[in-house]
Amino acid sequence: MKLQDLIEQVRDTFNTAIESCHNVKDIQDVQIHYLGRKAGVVTNLFKELGVSAVEDRPSLGQQINDLKEYVTKSLVIREQIITEKLEKKTFVDLSLPGNPEFIGRLHPLTLIQNEIISVFEGMGFEVATGPDIETDYYNFEALNMPKDHPARDLQDTFYLEDGNLLRTHTSPVQIRVMEKTEPPIRIISPGRVYRKDTPDATHSPVFHQLEGLYVDEGVTLAELKGALLAFAQALFGQEMKIRFRSGFFPFTEPSVEYDFSCIICDGKGCSTCKDTGWVEISGAGMVDPAVFEFVGYDHEKYTGYAWGMGVERIAMMKYRINDIRLFYENDIRFLEQFS
Ligand code: PHE
């Protein structure tokens with residue numbers, strides 16, 4: 001091969017070699033390979049000069065010198081690029097904003113539950129809880145629902161193989177507390193309850209209730225109405241009204257169903273309240289003397305009121321949500337809206 005071509009070839013292979021240098025050691029290897037004093041590829045080109053035609057020597061010598069300079073400079077530049085990159089990697093800019101951490105938040109049902117609790121705590125009620133898996137005795141029997149009572153229907157209740165069941169309401173907590181405590185009693189009991197309902201916009205097989213119970217000497221239904229009204233106004237504003245309708249529960253006598261005035265239309269009538277101006281909340285009443293007998297209270301001495309409350313229903317009113325299933329789908333876009 002002619003020296004002229006050889007010079008070009010060396011330049012090409014050098015260009016490839018330097019591109020694949022990724023650290024200082026690579027650079028040093030390439031440097032020795034091309035510029036090594038004894039057997040460097042470029043160094044050897046100078047030796048070839050001796051066997052080329054005399055008249056070509058000045059020009060070829062110049063070209064080899066240029067190549068040597070090119071190789072030397074390229075090695076320096078490549079080394080700078082590599083070391084700067086390394087430095088960049090380890091350089092920490094403390095003035096940059098950090099990556100925002102994803103912060104979780106409370107579920108809307110927990111938020112509303114906490115709010116309900118704090119209102120009733122302000123009236124002197126204390127939180128009491130009971131198990132989700134209940135016995136027939138606490139969920140039905142002691143609440144004055146004997147064996148043949150229709151509320152025990154297999155169609156409504158999730159029974160477990162061992163004969164226990166998933167509580168269908170929070171009322172069993174009334175019994176558990178009264179069994180252990182003498183009046184006066186003022187408790188609220190929030191928690192999950194279960195019913196074999198097909199999910200739709202207003203039904204979910206698991207939902208939340210908040211039970212209230214007040215037992216003492218001389219407790220009246222009027223006080224119950226006062227407490228529920230005070231609650232409604234604390235949560236939804238002074239213009240709220242409540243009403244009692246007659247109802248029936250085996251564990252209260254008399255029993256009522258209670259409604260809040262519709263906050264969507266201020267009681268004028270809309271689709272939410274089905275044009276009645278009222279939204280049904282839950283049931284309540286005076287504790288049935290039969291229940292006091294189960295827990296060993298003297299029903300001549302004590303009276304008490306109790307109420308239930310659908311937590312989802314309150315949350316739906318408060319946050320204007322029209323489908324209960326949203327609470328259970330855990331769509332982050334829904335949950336993110338509450339804090
Ligand atoms: N436990 C009843 C229900 O789930 C509500 C209720 C509670 C009624 C307390 C009266 C007294 O529907």
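All ligand and atom numbering here is 1-based and tracks the order in the structure.
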Among side-chain atoms of [X] and [Y], is any donor-acceptor pair under 3.5 angstrom?
X	Y	result
Glu182	Tyr302	no
Ser59	Gln62	no
Asn44	Lys47	yes

Numbered atoms of ligand 1 (with element) below 4.0 Å of [X], judged on heavy atoms:
X	value
Glu211	7 (C), 9 (C)
Gly308	6 (C), 7 (C), 9 (C)
Gln209	3 (C), 4 (O)
Ser171	1 (N), 7 (C)
Arg195	3 (C), 4 (O), 12 (O)

I'd like to know whether CG of Asp93 has more than 12 heavy-atom contacts from other residues, nucleotides or ligands below 6.0 angstrom. yes
If the plane angle is over 60° it's perpendicular, under 30° parallel, otherwise tilted; pick one for Tyr159 and Phe140. tilted
What part of [X] sits under 4.0 Å from ligand 1 if we count only heavy atoms: the side chain, the backbone, both or neither?
X	value
Phe251	side chain
Arg167	neither
Ala284	backbone

Polar contact flag for [X] and ligand 1 (N/O pairs, less than 3.5 Å):
X	result
Trp307	no
Thr252	no
Ser282	no

Show, in sequence, the C-alpha distance, side-chain angles and deciding distance for Leu143 and Phe249, and conclude whether the side chain to side chain contact (heavy atoms under 4.5 Å, CB included) test is met. CA-CA 9 Å; Leu143 287 163; Phe249 298 98; over 6 Å; no
Does Arg167 count as lying over the ring of Tyr138, i.e. NZ or CZ under 6.0 Å from the six-ring centre, within 45 degrees of the axis? no
Nearest protein heavy-atom contact for atom 6 (C) of ligand 1: which residue, which atom, what distance? Gly283 O, 3.6 Å
In terms of side-chain geometry, is the basic nitrogen of Arg176 or Glu134 positioned less than 4.0 Å from the acidic oxygen of its partner? yes
